[in-house]
Amino acid sequence: MLQNLKPNFCFLPLIISVQCLLVIVFGIDHYNRGDFPPGFVFGAGTSAYQVEGAAFEDGRTPSIWDTFAHAGFSGGANGDIACDLYHKYKNDVQLMVDIGLEAYRFSISWSRLIPGGTGPVNPKGLQFYNNYIDELISHGIQPHVTLFHSDLPQALEDEYGGWLSRKIVKDFTAYAEVCFKEFGDRVMYWTTINEANVYAIGGYDNGFTPPGRCSPPFGVNCSRGNSSTEPYMAVHNMLLAHSSAMKLYRRNYKSTQHGFVGFNIYSMWCVPYTNASADVIAAQRANEFFIGWIMNPFIFGDYPSIMKKAAGKRIPTFTKYEAKLVKGSVDFIGLNHYTTVSVKGRPSSIEKHSKDFNADMEADFSLAVLAADQYPVIPSGLYELLEYLKEAYGNLPIYIQENGQKSLRNGTLNDMPRIEYLHAYIGSILDAVRNGSNTRGYFVWSFLDGLELLGGYVPSYGLYYVDLDDKELRRYPKHSAYWYANFLKGKSSRNDAIFQAADKLPIYKS
Ligand code: IFM
């Protein structure tokens, strides 16, 4: 998603830090699965629209992501068929078993389960997710379920503007209740909302992601929206919807199901460009905007004061009731972390008359943003992020729910850079855990090469390559899949583990 943010920063001088361009070797090099504490889980993940396909089958209705893709914004690609996991889930679970995944993170398609967004449950959607969960459980794989991953039912967007309306709180809670009631006997880990912060920026500020709203001069082709207020409103309603679902879970399900409910943040880590105090202050400000926007309400019951000061009346105020509802309403935080960017302070020169999230955030600094085919490998950034969360927010349980290397889908199964990336980042988590971080799990993004919001099927994150030219959509393990399998078997995590030929995975045949 980082590249998705880039255009929004274009009006500022970009300062690409040399640090970003280097692969920084950090932390412990040799470690193995057994070095992690008991209970720490390793898995991989995908989300519904990116892999399921069967978009028009068995009663599913379009989501805002379908609409966005069909309008041509995903490079002309869409998720109509995607990896066809809807029909191939049994084979895919077998591939997970081949790797030795302990847990699997996936999202439920709201409009497959409740086609109207609100109202009757679709029996076929219910059956599919029951089967999928059963298949995982029967193979000893722990399901971690996300309820919302960018795919709001189009019906709710049309009816009342989706996340911009307070009505979403009731409908989201009802949807969550269906999931808790139907699947909660087997699902212990629930994440309500994925990447609320960048969902709001992309969807309502620059308009580059669904539902594609923005206002001039902050986005391109803005035909509707208000970039100055809507991102703040959307996050506010997401926090309220989450907290309402959590309240319901704690009241009606926790005592019998014993599960955990968390919230996910896209957590790019911002570091100062130099040690100069202007840069240090600027980096802190960026982290408050990206991370504090979500964390402060959960821990302190309010937005960071720096944000309130910058946004004034444009950021909603929590009523006493809302603050109480939101504060303490997470059992864990899910982090999607891909890279670190550096931030440079500068004297503020231009007085902006109209402002959006970025103008509020960048009052006096430039954010160096790197759009690259591969994310710069800066594992020290993840370590620092985990330290920061521990110190600033009281060491809540954390799951790294997405971390992985972006490459181009070109058919090659030899993805050594991805192995280096995964090895380095997992090592940095072990460092943080040894230093007291309450991080409890790690999920590679992603299990399969799926649809990307902006790049369609050009970018690739998967442990498995999916041959889109093959009508069977065969999956092929990349070297990173072998590496992860060997790591999970407890073998040395270093490169020599990759080619232990005896452990080669079977090639998938459908
Ligand atoms: O594929 C996406 C995912 O849907 C959300 N987080 C970022 C990933 C990589 O771009």
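We count ligands from 1, going down the list as the structure has it; atoms in each ligand are counted the same way. Residues take their numbers from the sequence shown, with the count starting at 1.
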Which option out of K406, E402, Q401 puts a heavy atom nearest to atom 7 (C) of ligand 1?
E402

Atoms in ligand 1 flagged as close to H149, the criterion being non-hydrogen separation under 4.0 Å:
3 (C), 4 (O), 5 (C)

State the atoms of ligand 1, each with its element, that fall below the 4.0 Å cut-off from a heavy-atom position in Y461.
9 (C), 10 (O)

For Y461 and K478 the tightest heavy-atom approach is C-NZ, 4.4 Å

Would D470 and R474 pass as an ion pair if we require N to O under 4.0 Å?
yes

Validate the cation-pi geometry between R33 and F40: distance from NZ or CZ to the six-membered ring centre under 6.0 Å, angle to the ring axis within 45°.
no

Options E195, Q50, H337, E452, ranked by nearest heavy atom to atom 6 (N) of ligand 1, top entry
E195

Of all residues at least two apart in sequence or in a different chain, which pass the salt bridge (charged side-chain N to carboxylate O under 4.0 Å, His left out) check with E182?
none

Results of side chain to side chain donor-acceptor pair (under 3.5 Å) for Y457 - residues two or more places apart only
none

Polar contacts were defined as any N/O atom of the residue lying under 3.5 Å from an N/O atom of the ligand; does this apply to N194 and ligand 1?
no

Part of Y338 with heavy atoms under 4.0 Å of ligand 1, whether side chain, backbone, both or neither:
side chain

